[in-house]
Every structure is written in structure tokens, then in C-alpha cells.
Amino acid sequence: MSTATQTRRFEAEVEQVLKLVTHSLYSHKEIFLRELVSNASDACDKLRFEALARPELTAGDSDLRVEVEFDEAARTLTIRDNGIGMSEDEVVANIGTIASSGTRRFLESLSGDARKDTQLIGQFGVGFYSAFVVADEVTLVTRRADAPAEAAVRWQSKGTGEYELSTVTEARRGTSVTLHLKPEEGEFLQPWRVRSLIGKYSDHVAFPIRMLKDVEAEEGDAAPAPTIEWETVNHASALWMRPKSELADADYQGFYKHIAHAYDDALAWTHNRVEGSQSYTSLIFLPTQAPFDLAYSGRDERKGLKLYIRRVFIMDASEQLLPSYLRFVRGVVDSDDLPLNVSREILQENRMVAQIRSGLVKRTLDLLDKLAADEAEKYAGFWTQFGAVLKEGVAEDHGNRERIAKLLRFASTRSEGEAASVSLDQYIERMAEGQEAIYFITADSYKAAANSPQLEQLKARGIEVLLMCERIDEWMMGYLQEYAGKKLRNVAKGELDLGKPGEGETEQRKQDEKDAEPLLKAIKAHLGDRVREVKLSRRLTDSPACLVVDEYDMAMHMKRMLRAAGQAVPDSAPVLEVNARHPLVQRAGAEGDTAADVAQLLLEQAQILEGAQLDDPAEYVRRVNRLLVG
Ligand code: ADP
Ligand code: MG
């Protein structure tokens with residue numbers, strides 16, 4: 001019995017997602033089953049949770065489960081659950097529109113390059129719409145657990161621009177999703193095929209997934225009564241509660257794929273039971289690949305860590321249970337002691353939760369330590385994917401700063417290429433005789449850092465310099481002034497102190513400075529306000545000049561970045577350091593127009609090397625040409 005059917009259009013963005021999903025997910029088409037089973041399992045979780053306060057919701061049918069059925073003649077596959085169900089408004093909101101801002105960000109991050117977008121979509125929970133990869137029509141019938149039989153909703157769509165909606169009568173609570181399979185997708189009508197997919201992707205769904213048993217008619221039976229026998233085809237237990245000794249790597253990997261909606265394996269995991277004033281079990285995973293929206297650290301909807309209380313799923317609680325710099329962690333926490341009626345607000349300030357949180361941070365850092373020590377190659381992979389996020393912890397987690405710093409990896413003047421492979425411990429181990437500080441430079445690209453004139457003197461003395469070129473580095477290093485008792489020094493800032501001066505060095509320096517005074521004065525006169533000061537450099541050997549900022553000043557590339565982002569940044573003229581032995585510097589230190597041109601050129605070259613844009617490129621070109629024509 002159904003009332004008048006209304007036809008509605010999908011939101012424009014849904015259409016876009018549908019198109020993308022059906023075209024690009026083809027190589028992973030069996031994923032639809034995992035997604036629909038996972039929605040069914042979520043619906044059972046939600047009902048179990050609501051029934052804590054309103055037991056009447058599950059009265060008469062308290063065995064929460066998922067059922068998978070075939071109809072060969074009609075070429076349909078149905079996934080049914082007796083979970084929470086949906087009202088008409090919920091159907092429209094959840095299925096007809098893109099409710100989650102995660103999906104919106106996903107759409108914004110699409111590049112238009114089909115290959116890249118396919119990868120993106122692979123990392124993205126495409127959820128319900130994946131049904132249209134294999135079906136040319138989908139029918140969903142749903143009745144909310146608290147609605148009467150006459151208030152069920154039927155939704156149907158061919159996955160193009162529109163869907164149909166009507167009110168129907170349905171005695172059963174929950175949702176059934178029926179896929180009308182495309183002609184070429186007959187494989188999903190074969191019970192063994194579907195059964196093996198459930199084993200692969202959904203074995204650890206905590207509710208039973210049932211299929212009809214093949215009951216063969218016995219020969220000789222005159223008129224075999226049609227017997228319906230259901231059979232549970234998954235493991236249907238909370239994997240994290242099983243003893244580690246019973247679990248194989250493949251079990252963990254399967255579970256990871258289920259909870260993280262991943263296609264690929266986890267990189268590593270740690271499974272622990274904590275007994276004490278706070279008893280809980282945790283199973284946390286490090287993914288192999290960063291998700292598309294990892295950089296985004298918005299508070300409103302971080303997912304990935306599920307909170308259970310005594311086996312009842314409560315909520316996604318990544319924000320409450322993990323600091324932002326560990327937002328890549330996936331897994332479950334099952335507490336014995338938290339009250340079942342816990343709310344997000346309570347989680348925010350609960351003392352027990354704070355204990356669990358610091359326990360999880362410790363477990364994660366332990367896991368990373370172990371990986372770094374025992375499986376360097378895997379750790380390198382982790383670092384490429386998640387290093388920039390972990391770096392946030394140096395600034396944000398004061399208590400664990402030293403532990404996190406130990407996990408950092410950088411490119412250096414002694415390592416091959418751009419790969420960040422040197423740890424601070426390694427650096428310290430091979431420090432030069434008499435060297436007291438850890439030297440680093442920040443820049444906006446690897447090349448700018450590696451070829452920076454500021455490194456010349458250090459290179460000449462065989463002193464290693466860490467090359468930092470990620471956006472976050474300058475900010476992070478503001479919080480990392482010391483490691484293992486050693487100061488960290490930016491070689492492009494303040495006075496460059498290369499350890500104790502050798503014999504006679506101090507006197508020599510004084511003399512040099514005195515000798516250079518007229519030269520420095522003349523150059524400063526040519527440059528006027530464009531520089532704050534012209535100084536004799538101790539950083540340079542080959543190059544004529546470089547720019548430096550004060551020790552506690554922000555690096556110039558950082559200022560540019562902030563300005564580009566629309567922030568007000570105090571403007572202060574840089575200090576120009578010159579190499580008095582260089583012939584160009586000597587020419588600049590003379591009087592007259594040519595000397596003035598050379599002085600300006602020294603400054604502009606130093607700006608270019610530092611990565612800055614010239615204020616007046618045309619004037620720069622004229623100047624160079626004047627000098628070339630000479
Ligand atoms: P996600 O599961 O990541 O939220 P989906 O596209 O898989 O995204 O599902 C969208 C929404 O539709 C779900 O969040 C849920 O609210 C609703 N939904 C889907 N399937 C079911 C179901 N079987 N029972 C109840 N609600 C469902
Ligand atoms: Mg889903």
C-alpha cells in the first residue's frame with residue numbers, strides 16, 4: 001500500500017558524486033557490499049544505543065542483525081537490517097543531499113584529472129552511492145524504530161538526476177536496500193561470491209550477517225516443505241575483545257579495512273588491555289596512506305576512533321580521545337567504566353576520559369618509536385605521509401615535546417636528496433668536534449634551503465645543517481629551542497656562533513671588522529632604508545651577500561606566506577650581510593652611480609636567493625643591463 005509518489009531531484013552535488021562514483025569506482029566495484037553492510041551495522045549500533053534509554057524500541061525483536069537475500073528471477077540483491085531505520089525527512093537529508101561537509105571538501109578537492117580523482121575516491125567513504133556502481137536501480141524501504149507500520153518510506157532511484165519517494169506500510173523495523181543489478185553484474189547473484197566478499201570485508205562487523213542456507217531437497221521427498229534456514233556468515237564478535245593470541249595479522253588487517261573503510265593494509269597497530277582505576281581495551285592502527293582531507297583539522301567532524309562502552313558503540317570520539325596531531329590514528333576504544341549515557345560534553349571534561357586520552361597518546365608514540373627502531377623503511381613511509389601532522393605535536397603537546405622531537409626526520413646537508421631521513425639523535429651523534437648547537441635552516445623549498453648562501457661557512461667547516469622546507473617547520477621550530485640538552489639554531493637568524501673561537505680568531509675578527517667599516521658604511525649609504533644594517537658576514541665564503549633576520553624574528557618566507565594569507569605582519573627591513581673579500585662587494589663599497597647600482601644588485605640578488613619577489617623587477621633589469629653594457 002503506498003500513497004502518491006513524489007519525484008524529487010537530487011541536490012546538484014549528489015549528482016556529481018554519483019557520476020564520479022559510478023565511473024571511477026569500477027575497479028573496486030565490490031566495495032558497495034561493504035558500504036551497505038557497514039550502514040546496516042551502523043543502524044544496528046544506533047538502535048542498540050537508543051534502546052538503552054527506551055527499551056521498547058527493540059521489544060519483540062531484540063536480535064539485531066543484517067540479512068542478505070537474492071532473487072535470481074528478478075536479478076536483485078537485498079541487504080536488510082533491523083536497526084534504527086529512517087523517517088522520510090531523514091531519508092531526504094541523508095540520501096538525497098550531501099549532509100556531511102567532509103563530502104563537500106572531497107568535491108572541492110577534486111582535480112578534474114580522472115586518474116587522481118579515482119585515487120581520491122578510493123580513499124573516501126563513498127557510502128550509499130556505491131550501490132549504483134553495480135545497480136541500475138536501487139529501492140530502499142525503511143521504517144524508523146519509533147514509527148508505526150504505516151509510516152514507512154519507500155525511496156527509489158536509477159541514480160541519475162531524480163528519485164521517487166512514497167509512504168508505505170512495512171511491518172518490519174529497519175531498512176532494506178534492494179539493488180536491481182546491471183546485466184553484467186550477475187556475479188553478485190551468486191551466494192558463494194557474496195559470502196566470500198562478506199568474509200573479506202565485513203567479517204568483523206559485530207552483528208550477525210545472515211544468508212539463507214542452501215537447503216537441498218532430498219530425493220524422494222514428495223513435496224518438500226519450503227524450509228527457510230538462516231546461517232550466520234561472519235565472525236560477528238568484537239574483535240578487540242578477543243585475546244591477541246587468537247588473532248592473526250590477517251584478522252587485524254581485515255578489521256582495519258572494515259573500520260577505516262580502507263582498501264589498503266594498515267601500516268602497524270597496537271592492541272592493549274589496561275586494567276586499573278580505568279579499565280579499557282584499545283586497538284589502534286596507523287594507516288599506510290594519508291586520507292585526502294588530513295590537512296584539515298576542523299573540530300566538527302573528525303572521524304576514525306570509535307568509542308565503545310562495554311561493547312556498545314557510543315560515538316566517533318576521535319576529537320575527545322586523541323589530540324589533533326594524532327588525527328591519522330584509526331581504531332576503537334572500549335571502556336569498562338564510563339557511564340553508558342555519556343555525552344560529548346561529558347567526554348570533553350571527564351577525568352577518566354583524560355586518562356584514556358593520555359594512555360592512547362603514549363601507546364601511539366610507543367608504536368611509532370618501535371616502528372622507527374625496528375622497521376626503518378616502514379617508518380620512512382609513515383613520515384612521508386604523516387610527518388607534517390605529527391610536527392604539530394611539537395607545538396601543541398608540551399608534555400611529550402621531547403618524545404615527538406625524537407620522531408622527527410629532516411633532510412640535511414649530509415643526506416642524499418630531498419627525503420627527510422635524518423633524526424636529531426643521528427645529527428647529535430655525528431656533530432663536529434667542539435660543535436655545541438644543532439644547526440638548521442628554513443626556506444620555502446628544498447632547493448632554496450640546500451643552496452642558501454647562509455650555509456657556506458658551515459659547509460666549509462664540515463658542519464651539518466638540517467634543511468627544513470615544509471610550511472609548518474618555521475612555526476614548529478619556534479617551540480623547539482632545545483633537544484637533548486642542545487640548542488637549536490637557525491643559521492639565517494641572528495649572530496652565527498660556530499662554537500668556541502680558535503686561538504687568535506677573536507682578535508682577527510675585530511681587526512677585519514675595523515678594516516671593513518668604510519666599505520659597510522658606503523654600501524649602507526647606497527641602500528638607505530632598504531636595509532636596516534650592512535654587516536660583515538661570518539656565514540659566507542663564496543657568495544657576495546645574504547640576508548639575515550634577528551634571532552627572534554620570523555623568517556622572511558614565513559612573513560610572505562602569512563601576508564599572502566591576509567594576515568598583518570610587522571614590516572622590518574632586513575640586515576644585509578656581505579663578504580668583504582668578494583670583488584662585487586668591493587665595487588659596491590665605492591662612490592658613484594655604478595657602485596650604487598652594484599650595491600642595489602647585491603641586495604636584490606640576496607632577495608632572489610631567499611625566495612622573495614622583487615618590488616620592482618623592471619628597475620632590476622635596467623640596472624643589470626646598465627652594468628652589462630658598462
Ligand atoms: P556514512 O555512512 O559515511 O554516513 P553513507 O552514504 O554510507 O555515509 O550513508 C549516508 C547516511 O544515510 C548515513 O549516515 C545514515 O544516516 C543513512 N543510512 C544509510 N543506510 C542506512 C541504514 N541501513 N539504516 C539507517 N540509516 C542509513
Ligand atoms: Mg556508510
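The residues of the chain are indexed from 1 along the displayed sequence. Remember, it's 1-based here, ligands and their atoms both numbered in the order they're listed.
- For atom 19 (C) of ligand 1, the nearest non-hydrogen atom from the set Val37, Asn39, Ile84 belongs to Asn39.
- Using a 4.0 Å cut-off between charged nitrogen and carboxylate oxygen, Glu231 and Arg195 count as a salt-bridge pair.
- When Asn94, Leu140, Thr142 are ranked by how near their heavy atoms come to atom 11 (C) of ligand 1, first place goes to Asn94.
- Those atoms of ligand 1 that come under 4.0 Å of a heavy atom in Phe128, given as number and element, are 5 (P), 6 (O), 7 (O).
- Note on residues 344-365: pairs passing salt bridge (Lys or Arg N to Asp or Glu O under 4.0 Å), not counting sequence neighbours, are Lys362-Asp366.
- Under 4.0 Å is where a charged nitrogen must lie from a carboxylate oxygen, and between Glu50 and Arg144 at least one such pair does.
- For the pair Glu170 and Arg143, the salt-bridge criterion is not met [side-chain N within less than 4.0 Å of a carboxylate O].
- Residue pairs that meet the ring pair (Phe, Tyr, Trp, His ring centres under 6.0 Å) test with at least one member in residues 43-73, sequence neighbours left out, do not exist here.
- In this structure, Arg34 is positioned above the aromatic face of Tyr263, its NZ or CZ under 6.0 Å from the six-membered ring centre and within 45° of the axis.
- Take His258 and apply the ring-ring contact (aromatic ring centres under 6.0 Å, His included) test, not counting sequence neighbours, and it matches no residue.
- Considering backbone and side-chain atoms alike, Glu35 places every N or O at 3.5 Å or more from each N or O of ligand 1.
- For the Mg ion (ligand 2), the set of protein N/O/S atoms nearer than 2.8 Å consists of Asn39 OD1, ordered by chain and number.
- Under the 4.0 angstrom criterion for non-hydrogen atoms, Met86 is in contact with ligand 1.
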